[in-house]
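Chain letters run A, B, ... following the sequence lines, proteins first, then strands; residues in each count from 1.
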Number of protein chains: 2
Amino acid sequence: MNNRRIPKYILLKNELLSWFESGKLKPGQQVPSENEIAEQFGLSRQTVRQTFSELEKEGWLERIQGKGTFARFPGRRESELVKTIGIMTTYISDYIFPHIVRGAEAELRSRGYRLLLSSTDNNKDKEMESLKLMTSQPLSGLIIEPTKSAEGNPNLGYYLELQEKGIPYLMINEKYRELECPLLRVDDELGGYKAADHLLANGHSRIAGFFKRDDLQGVNRLKGFLAAHKARGVAVAPKRVVTYTTEQKNDLPFRQALQLLSGAAEERPTAFVCYNDELAVSLMGAALQLGLRVPEDVSFVGFDDSMLASASGTKLTTLTHPKTAMGRDAASQLIAMIEEGLAPGDTLYEPELVERDSVVNLNVNV
Amino acid sequence: MNNRRIPKYILLKNELLSWFESGKLKPGQQVPSENEIAEQFGLSRQTVRQTFSELEKEGWLERIQGKGTFARFPGRRESELVKTIGIMTTYISDYIFPHIVRGAEAELRSRGYRLLLSSTDNNKDKEMESLKLMTSQPLSGLIIEPTKSAEGNPNLGYYLELQEKGIPYLMINEKYRELECPLLRVDDELGGYKAADHLLANGHSRIAGFFKRDDLQGVNRLKGFLAAHKARGVAVAPKRVVTYTTEQKNDLPFRQALQLLSGAAEERPTAFVCYNDELAVSLMGAALQLGLRVPEDVSFVGFDDSMLASASGTKLTTLTHPKTAMGRDAASQLIAMIEEGLAPGDTLYEPELVERDSVVNLNVNV
DNA sequence: CCACTATAGTTGTACGTACAAGTTGTATGA
DNA sequence: TCATACAACTTGTACGTACAACTATAGTGG
């Protein structure tokens with residue numbers, strides 16, 4: 001038999017562990033004394049002691065001299081439970097991200113979790129670095145805003161490692177196609193559609209679209225932008241659609257806008273749909289620089305309803321982004337995954353158009 | 001003797017641990033066999049085994065059947081070292097705080113520390129809650145932006161607890177007078193002075209000052225504001241100095257500004273010094289609402305050189321705040337405190353005036 | 001009623017023996 | 001030269017004894 005090779009104290013240990021599993025031993029309950037066990041199993045007290053001392057080190061038993069041996073909560077997990085959740089965003093200080101973080105932080109704090117923050121600066125190397133650092137010490141779960149998702153993902157291995165380690169995670173804004181996890185995102189395609197449709201409905205036909213192409217948000221907004229034109233039967237002039245990458249964002253769009261706006265009046269776009277509010281404010285600056293008025297000469301629609309939209313000179317018409325709510329929902333879904341092992345489905349937020357002062361209605365002039 | 005009460009196996013354990021400390025035992029080195037130790041110390045092999053098995057569980061020794069017992073890396077402390085630093089700010093998403101956090105995060109990440117983030121919402125109860133949560137699990141150090149510092153501090157006990165636990169901390173922006181710790185702050189008095197002096201130098205004499213009174217920053221900026229008037233020999237009309245608390249900030253200042261600006265032209269302030277850019281943008285809105293032009297009719301000076309200052313319609317003249325640099329410095333000073341036990345002195349940043357478009361020079365009209 | 005004592009029962013410490021199992025080097029033999 | 005066997009050593013398992021230290025309780029005495 002193989003049994004003869006397994007040490008008795010190990011056999012006893014397994015026996016006792018099965019007592020925990022079957023519920024025969026409940027937390028706080030007293031375990032038979034060393035001598036009783038020894039007699040019962042036909043072992044010496046020393047052998048029982050060896051078993052007990054291992055189980056004590058592992059947290060299953062508590063031995064009190066003179067009193068007895070007691071079962072502890074099955075695996076001390078509750079008391080030593082790590083309650084720390086990480087959030088990895090592309091940027092920390094800019095734009096809407098602080099609001100997402102704030103929503104998550106408030107929810108986590110109220111649920112007794114600590115929040116670890118890290119930024120990737122939209123850089124794959126830093127993303128890897130952040131992942132390693134976060135997981136270098138105990139972690140309950142992770143909220144990830146992916147980096148440059150339209151391109152590949154060289155850090156896939158690290159994410160798979162998360163799964164192996166049993167660290168649940170979810171993604172916000174977008175997700176890597178290769179990974180299976182819950183996603184919270186805005187319906188960007190619908191947003192792009194609504195933005196363009198609003199302008200078309202207001203009589204604009206020469207609409208410029210500026211979109212980021214190295215993240216899915218930009219790609220989807222562009223998709224909606226095109227769909228709205230198609231639905232209204234308006235052709236999109238390729239030269240009025242400008243796409244750019246993260247590296248170019250401070251330079252290329254502005255120059256392209258200047259060029260478009262410098263053209264002849266009958267060729268000039270009457271409206272701009274901008275990837276986000278930040279870009280919209282920047283391009284409004286380009287228009288002002290050329291002596292054009294907003295919205296009389298050029299209309300603008302932004303995205304995300306950020307602080308910039310209402311702080312700028314001409315209050316910006318824009319599409320909402322759930323921001324704080326998204327952070328809060330992400331946190332609460334992640335906690336559900338951790339504590340109850342649930343696997344929530346994706347969450348899709350519908351952006352709403354917020355009409356302010358940056359769009360003129362061309363129809364009334366007719 | 002007391003020695004007789006200390007178990008022999010504990011004495012042996014301490015002896016062996018001292019071998020590690022003295023360097024007598026180096027990683028990988030073979031330890032004398034159980035029998036040798038037993039003979040050498042006049043103990044039974046069983047007693048030596050008890051010591052060895054404890055040291056093995058704690059990671060000091062590695063025992064290999066048939067081969068011997070070996071010393072392991074001296075205490076694995078490096079690998080299990082906690083490298084997590086917390087940062088507690090009043091607000092997370094608003095204004096300049098994301099920039100401070102970003103500076104700190106970048107520095108910490110490059111030094112291999114994780115960043116825990118928590119906000120107090122400028123509320124003493126939440127401050128306590130955050131403190132408790134942060135310290136509920138291992139923490140290396142803490143960066144604190146105090147809550148409502150001009151009032152008392154009911155959470156003093158928790159801060160003293162930090163000292164007892166040996167968790168170093170430092171404060172940014174301001175500090176509780178009762179606590180002795182490094183402080184990084186802007187010279188707000190100088191800032192207030194520079195703001196008022198700039199306006200006075202440009203020929204303004206009826207200058208309104210709006211300051212928060214429940215934090216030291218506001219109090220100090222007001223102090224500088226008054227000092228500049230005194231230095232220039234200009235009297236300050238009490239009705240033009242408005243102070244407010246955090247709770248009132250969205251309401252009272254705006255109404256007061258409307259009232260001041262609605263007065264007769266010869267009584268109306270020609271310029272406003274505002275507690276920060278956020279308030280300045282809000283009060284500029286009040287001026288516009290009354291049909292006044294900025295800066296032609298009313299000039300504005302803000303504080304902090306935030307994104308609002310350059311995103312707003314009229315670009316705001318304001319005073320710089322180190323923001324990102326302050327976060328970075330705070331992080332690096334805290335790491336020095338943790339790793340080298342240093343106690344850095346206070347750091348004072350000098351604000352610089354950034355001239356933009358919101359101040360008119362009245363002298364040229366003369 | 002309370003304080004004290006004795007006692008039984010528990011785990012902790014300490015020693016002992018015996019043999020099993022694994023590693024290493026040496027001696028032996030083909 | 002190479003493979004094998006063996007001896008000597010290591011740690012692992014298992015049992016045994018004895019007493020110390022601690023806890024809880026029942027009984028005793030004031």
Rounding to a whole Å, what distance do you find between [X]:[atom1] and [N]:[atom2]?
X: A:Leu61; N: C:dT11; atom1: CG; atom2: P; result: 10 Å
X: B:Glu39; N: D:dC9; atom1: CD; atom2: C1'; result: 14 Å
X: A:Lys57; N: C:dT11; atom1: NZ; atom2: P; result: 18 Å

Can you tell me how far [atom2] of [Y] sits from [atom1] of [X], rounded to the nearest 0.5 angstrom?
X: B:Trp19; Y: B:Lys26; atom1: CH2; atom2: NZ; answer: 14.0 Å
X: B:Ile143; Y: B:Met326; atom1: CD1; atom2: CE; answer: 11.0 Å
X: A:Glu105; Y: B:Ser130; atom1: CD; atom2: OG; answer: 6.0 Å
X: B:Leu184; Y: B:Leu334; atom1: CG; atom2: CG; answer: 10.0 Å

What one-letter contact string describes nucleotides 11-17 of chain D from 5' to 3', where B marks a base within less than 4.0 Å of any protein heavy atom, S marks contact via sugar-phosphate atoms alone, and - marks no contact?
BBBBBBB

Between the side chains of B:Gln333 and B:Thr347, does any donor sit under 3.5 Å from an acceptor?
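Note: B:Gln333 and B:Thr347 side chains meet the donor-acceptor criterion.
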
Determine whether the side chains of A:Tyr159 and A:Glu127 contain a donor N or O and an acceptor N or O closer than 3.5 Å.
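Checked: A:Tyr159/A:Glu127 side chains pair up, N/O donor to acceptor below 3.5 Å.
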
Mind pulling the stems DNA chain C is in, i.e. runs of at least three Watson-Crick or G-U pairs, everything under 3.5 Å?
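The stems that DNA chain C takes part in, listed by first number, are C:1-30 with D:1-30.
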
Taking only residues two or more places apart in sequence, or in another chain, which ones meet B:Tyr169 in a ring pair (Phe, Tyr, Trp, His ring centres under 6.0 Å)?
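Here no residue qualifies.
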
Take B:Lys175 and B:Glu145, measure what salt bridge (Lys or Arg N to Asp or Glu O under 4.0 Å) needs, and give me the verdict at the end.
CA-CA 8 Å; B:Lys175 87 172 156 190; B:Glu145 191 217 347; over 6 Å; no

